[in-house]
Amino acid sequence: MHPLIAPVCEWYVGAARDLPWRRESCTPWGVMVSEFMLQQTPVARVLEPWRAWLERWPTPADLAAEPVGEAIRQWGRLGYPRRAQRLHNAAVSITTDHGGRVPETRDALRALPGVGDYTAAAIASFAFGRAEVVLDTNVRRVLARAINGDEFPPNAVTAAEKRLGATVMPVDGPFPAAMWAAASMELGALICTARSPACDRCPIADSCAWVAAGRPAHTGPPRRGQAFAGTDRQVRGRIMALLRESDIAVPRHRIATVWHDATQLDRALTSLLKDGLAVETDAGLTLPT
DNA sequence: CAAGCGTGGCA
DNA sequence: TTGCCAAGCTT
């Protein structure tokens with residue numbers, strides 16, 4: 001057993017947040033919805049939308065029975081509305097191809113729209129207790145610091161990180177792999193954070209390679225940021241907000257009021273139509289049916 | 001594989 | 001204030 005496992009898991013027992021998708025009563029579908037919503041979105045902003053979503057659609061079949069536009073509308077301001085579209089598509093696939101039950105294996109999960117390596121491993125682990133290497137941004141940062149002595153992991157997941165994750169994951173012993181996955185994520189979220197790590201409260205600070213090295217600043221390629229103001233993303237966001245709030249088709253002249261640059265507006269709208277996040281009728285634009 | 005994809009809070 | 005960051009996925 002890797003020496004990090006016991007202290008991190010024991011810390012987790014006393015420090016874990018009581019998140020609704022971690023409760024025993026939460027269904028695999030509830031776990032899956034949480035994972036989609038948490039992709040690039042903080043926990044605090046997911047709590048209420050998650051509750052409302054599960055109340056409206058308690059099973060994949062409930063969601064699959066409605067138009068994808070309803071999923072996009074219900075998604076609200078969570079951001080990246082294509083996640084709602086893909087979650088709906090995944091619900092349809094689960095209903096038609098998996099008997100209405102969320103698949104249990106990483107490979108079957110990975111085949112669903114919107115489910116990548118991380119989300120497949122996370123659902124298999126948290127919903128079904130399977131032993132999978134769960135590599136999210138938190139775990140990657142914990143491993144980068146504690147084992148490699150780097151402040152931050154590489155920009156994209158590397159083969160070396162996957163090997164390291166597999167090496168550290170417990171195979172037997174007192175701490176299940178799924179517990180390690182949740183505990184190492186929680187450590188990254190609460191203690192070993194990106195901006196201001198609380199090493200004074202960290203259960204593995206005394207064996208952390210980064211702390212031992214004097215917490216050196218990140219070297220190597222700059223971490224890519226995300227511009228937003230003035231980008232097509234911002235324009236798309238404004239258009240989608242308009243469509244979500246309207247029960248009827250929104251004419252193009254009303255769409256035009258949300259952005260000053262007609263060229264950029266047209267580019268954004270065209271991309272939304274291409275992505276299937278909006279559709280055009282004679283009366284104007286609507287969410288897809 | 002680097003770039004594109006929303007949104008809001010916090011340092 | 002502005003930039004960074006938040007349980008990533010797809011092409």
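Order of the sequence lines sets the chain letters (A, B, ...), proteins ahead of strands, with each chain counted from 1. Note that this is a predicted model, so its numbers are computed, not measured.
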Novice: Under a 3.5 Å cutoff, is there a donor and acceptor pairing between the side chains of A:Gln264 and A:Trp259?
Specialist: yes

Novice: Please enumerate all residues that pass ring-ring contact (aromatic ring centres under 6.0 Å, His included) together with A:Phe152, with sequence neighbours excluded.
Specialist: A:His218

Novice: What pairs with A:Trp21 under ring-ring contact (aromatic ring centres under 6.0 Å, His included), at least two apart in sequence or on another chain?
Specialist: A:Trp50

Novice: Separation of A:Gln74 atom CD from B:dG6 atom P, in whole Å?
Specialist: 18 Å

Novice: If you find the nucleotide of DNA chain B closest to A:Ala156 and the one closest to A:Gln40, which residue's nucleotide is nearer the 5' end?
Specialist: A:Ala156

Novice: If we ignore angles and hydrogens, is there a donor and acceptor under 3.5 Å between the side chains of A:Tyr118 and A:Glu35?
Specialist: yes

Novice: Contact class for A:Thr119 vs. all strands (heavy atom < 4.0 Å): base, sugar-phosphate, or nothing?
Specialist: sugar-phosphate

Novice: Would you call A:Arg56-A:Asp62 a salt bridge at under 4.0 Å N-O?
Specialist: no

Novice: Provide the distance between the two P atoms, one in C:dC4 and one in B:dA3, to the nearest whole Å.
Specialist: 16 Å

Novice: Rounded to whole angstrom, note down the P distance from B:dG6 over to C:dT11.
Specialist: 14 Å

Novice: Would the base of B:dG6 count as contacting A:Thr41 through its side chain, where contact means a donor and an acceptor less than 3.5 Å apart?
Specialist: yes

Novice: Nearest whole Å is fine: how far is B:dG6 P from A:Phe36 CZ?
Specialist: 16 Å

Novice: Tell me, please, the opening and closing nucleotides of DNA chain C, 5' to 3', among those with an atom under 4.0 angstrom from a non-hydrogen atom of chain A.
Specialist: C:dG3 to C:dT10

Novice: Starting at CG of A:Asp275 and ending at C1' of B:dA3, how long is that distance when rounded to a whole Å?
Specialist: 14 Å

Novice: Where along residues 234-248 of chain A does a heavy atom fall under 4.0 Å from DNA chain B?
Specialist: A:Arg236, A:Gly237, A:Arg244

Novice: Can you tell me how far P in C:dA7 sits from the matching atom in B:dG4, rounded to whole Å?
Specialist: 23 Å

Novice: Can A:Asp117 and A:Arg106 be counted as an ion pair, charged N to O under 4.0 angstrom?
Specialist: no

Novice: Looking at every strand, decide which applies to A:Arg141 at a 4.0 Å heavy-atom threshold: base, sugar-phosphate, or nothing.
Specialist: sugar-phosphate

Novice: Once ring-ring contact (aromatic ring centres under 6.0 Å, His included) is applied, do any residues pair with A:Trp53, and if so which ones, sequence neighbours excluded?
Specialist: A:Trp57, A:Trp75

Novice: Name the nucleic acid region contacted by A:Val134, choosing base, sugar-phosphate or nothing; use a 4.0 angstrom heavy-atom cut-off, strictly under.
Specialist: nothing

Novice: Can you measure A:Phe228 atom CZ to B:dG8 atom C1' for me and round it to whole angstrom units?
Specialist: 10 Å

Novice: I'd like to know if A:Arg17 pairs up with A:Glu186 as an ion pair, taking the criterion as any Lys NZ or Arg NE/NH1/NH2 lying under 4.0 Å from an Asp or Glu carboxylate oxygen.
Specialist: yes

Novice: Please give, in whole Å, the distance from B:dC5 P to A:Arg86 CZ?
Specialist: 12 Å

Novice: Check the distance between B:dT7's P and A:Asp232's CG and give it to me in whole angstrom.
Specialist: 13 Å

Novice: Find every protein N or O atom lying less than 3.5 Å from an N or O atom of nucleotides 9-11 of chain B, and list the pairs.
Specialist:
{"from": "B:dG9", "atom 1": "N2", "to": "A:Arg195", "atom 2": "NH2", "distance (Å)": "3.1"}

Novice: Could you check whether A:Arg110 and A:Thr119, counting side-chain N and O atoms only, form a donor-acceptor pair closer than 3.5 Å?
Specialist: no

Novice: Quickly work out the A:Glu48 CD to B:dG8 C1' distance and round it to whole Å.
Specialist: 16 Å

Novice: Just the rounded figure in Å: distance from C1' of B:dA3 to CZ of A:Arg233.
Specialist: 10 Å

Novice: What I want to check is whether the side chains of A:Asn138 and A:Arg141 have a donor and an acceptor closer together than 3.5 Å.
Specialist: yes

Novice: Could you go step by step and tell me if A:Ile204 and A:Leu187 meet the side chain to side chain contact (heavy atoms under 4.5 Å, CB included) rule?
Specialist: CA-CA 10 Å; A:Ile204 54 173; A:Leu187 186 69; 3.8 Å; yes

Novice: Which part of the nucleic acid, if any, lies within reach of A:Trp75 when heavy atoms closer than 4.0 Å are counted: base, sugar-phosphate only, or nothing?
Specialist: nothing

Novice: Taking the nucleotide of DNA chain C with the nearest heavy atom to each, does A:Leu112 or A:Leu19 sit closer to the 5' end?
Specialist: A:Leu19

Novice: Does a salt bridge link A:Asp261 with A:Arg267, judged by any charged N lying under 4.0 Å from a carboxylate O?
Specialist: no

Novice: Under the side chain to side chain contact (heavy atoms under 4.5 Å, CB included) criterion, do A:Leu87 and A:Met37 qualify, and how do the steps go?
Specialist: CA-CA 9 Å; A:Leu87 180 54; A:Met37 290 184 169; 5.7 Å; no

Novice: Which part of the nucleic acid, if any, lies within contact of A:Ala194, taking any heavy atom under 4.0 Å across all strands shown: a base, the sugar-phosphate backbone alone, or nothing?
Specialist: sugar-phosphate

